[in-house]
Structure formats: C-alpha cells, structure tokens
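Notes follow once the structure below has been shown.
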Amino acid sequence: RPVVLKGMILNWHLPYLASLYDDSYFLIVERDVADNADSLLRARREFAGTEEAWYSFKPPGFRDVLSQSPQQQVAWQVMATNDAIRRGAEAIDERRLMRVSYEDFCANPRQLLNDVCRRAGITAQPSAELPQQFEIRRRANRATWEPVIRSMQPLISQHEAARRSA
C-alpha cells in the first residue's frame, strides 16, 4: 500500500530509505532559504511565544549555533537540512528523485500527487483532505536575511568538512 511521508528526521537517512524500498521515490520540495528561515522564526513565535525557543527538527550540530541569534539559528537550520537532503539525493538514482519548487507544490498539490503516483506506476486516490492549493508564503525581507544567511555559510562548510573527515 503506497505511503507518502514528510521528511523531518528522514532527511538525514535518504540513502538508507532508498536501500530499504526499491520502489520508493523521493520528492524534494525546494524553497527559498530566506522564506523558509523566516517561516521557522514565525513558527517559533507562534508555537513557543518566543524566537529564542527551537522549533522543529534539530539537525546534527545544532548545539553549535545555540549561541547565535535566532535569525542565524533558523538560517543555519534550513541550510543544514538542505545540505543533508542534497547529499542524500546524490546517493540515489536520479530516476527515483522528483524535484519541485515550493511555489509549484503550493499552487497545485493534487496535480503533484498525481504526477508522483504516475511516476510510481500507481493510480492516485482522490482525497478530500488534500486542498486544491496552499497559501504561498513569501514574507522574508531580502535585505535583512541575505547577510544572516551569508554569515552562517562558513559554519555549514565547517560541518561539511568535519563530516567528510570523520
């Protein structure tokens, strides 16, 4: 029976999952780093009442950024997650990967589900639970976020180098 899962902790184990399920496909939703980081910062305020509280998955190495500003933390969190997905996808046959922009995913999730099912050779079952579309959230102020993202790039590179030498 087909299953669709959202990444979270699975983002760090894509090759392992690919080895377990020969008929698995991986849909990678690509979103602008600034918009994604801004969304995480808003979620911190909404769910914890403060920007200081961590929200969502804690990537390996997250303790290294706890002394940074909340903006730097969420930028690093998005970049570390994207990096893990990129590395994992490189180890999987390209025929098993599908990439879609966040905007396309939000604009027509039902069509995307049909595309995924067609690629997997199965028929999509209509679901009233899946909306016609999701709100596309682009709220990040580029002038604010770009220097924050740049400031965290060395730490991403440092973690990558440490991972390779381990």
Side-chain angles (χ1 to χ4, degrees), residues 2-14 16-17 24-89 97-117 124-160 163:
V3 170
V4 176
L5 303 170
K6 185 177 188 302
M8 298 297 283
I9 195 169
L10 303 178
N11 290 330
W12 277 262
H13 306 285
L14 298 182
Y16 176 69
L17 287 171
S24 60
Y25 292 86
F26 297 83
L27 175 65
I28 299 170
V29 179
E30 298 171 333
R31 186 175 185 190
D32 178 78
V33 172
D35 285 332
N36 201 343
D38 193 68
S39 178
L40 276 174
L41 198 61
R42 289 172 188 270
R44 284 180 172 200
R45 288 191 298 263
E46 182 180 329
F47 291 100
T50 177
E51 292 181 354
E52 307 297 323
W54 197 276
Y55 175 79
S56 193
F57 188 75
K58 296 176 180 174
F62 83 97
R63 286 182 179 85
D64 296 341
V65 300
L66 292 178
S67 63
Q68 304 293 325
S69 72
Q71 291 80 8
Q72 289 172 305
Q73 291 173 16
V74 294
W76 176 86
Q77 183 179 2
V78 171
M79 294 162 62
T81 302
N82 289 349
D83 193 51
I85 293 168
R86 179 193 52 77
R87 283 193 322 270
L97 299 172
M98 293 180 69
R99 297 174 194 280
V100 65
S101 71
Y102 165 81
E103 291 78 9
D104 288 345
F105 172 82
C106 290
N108 198 346
R110 290 183 181 184
Q111 181 59 50
L112 182 60
L113 178 61
N114 287 333
D115 293 347
V116 169
C117 289
Q125 300 298 317
S127 173
E129 295 175 22
L130 187 61
Q132 288 286 345
Q133 63 186 28
F134 294 103
E135 176 188 355
I136 296 174
R137 297 183 181 149
R138 284 190 219 112
R139 300 182 182 137
N141 178 325
R142 297 283 173 262
T144 300
W145 281 103
E146 286 177 9
V148 172
I149 292 166
R150 275 195 310 273
S151 76
M152 298 312 289
Q153 189 58 52
L155 190 56
I156 292 292
S157 299
Q158 182 182 16
H159 277 246
E160 174 66 14
R163 187 193 61 74

### Message
What I'd like to find out is whether the side chain of Ser39 reaches to under 4.5 Å of the side chain of Arg31, using heavy atoms alone.
### Response
yes
#### Entry: Note, Leu97 side chain near Tyr25 side chain (heavy atom, < 4.5 Å)
no
### Task
For Phe62, look at atom CZ and say whether over 12 heavy atoms of other residues, nucleotides or ligands are found less than 6.0 Å away.
yes
### Member of Asp35, Val74, Asp32, Val33 meeting the side chain to side chain contact (heavy atoms under 4.5 Å, CB included) criterion with Trp145
Val74
### Task
Could you grab the distance from atom CG of Asn108 to atom CD of Gln132, nearest 0.5 Å is fine?
7.0 Å
### Task
Decide yes or no for Gln77 and Pro59: does some side-chain heavy atom of the first lie under 4.5 Å from some side-chain heavy atom of the second?
yes
### Query
With respect to Met152, which candidate in Gln72, Gln71, Gln73 satisfies the side chain to side chain contact (heavy atoms under 4.5 Å, CB included) definition?
Gln72
### Query
So, do Leu40 and Arg44 sit near enough that their side-chain heavy atoms are less than 4.5 Å apart?
no
### Task
Please test Leu113 against Arg110 for side chain to side chain contact (heavy atoms under 4.5 Å, CB included), starting from the C-alpha separation and ending with a verdict.
CA-CA 5 Å; Leu113 178 61; Arg110 290 183 181 184; 5.6 Å; no
### Query
Which heavy atom in Ser24 sits nearest to a heavy atom in Leu17, and how many Å separate them?
OG-O, 4.1 Å
### Query
Do Phe57 and Trp12 have ring centroids that are under 6.0 Å from one another?
yes
### Task
Check Cys106 against Ile136 and note the closest heavy-atom contact, atom names and distance.
CB-CG1, 3.4 Å
### Query
Between the main-chain N or O of Arg45 and the side-chain N or O of Tyr55, is there a donor-acceptor pair closer than 3.5 Å?
no
### Message
Counting only heavy atoms not in Arg63 (residues, nucleotides, ligands), do more than 12 fall under 6.0 Å from its CZ?
### Response
no
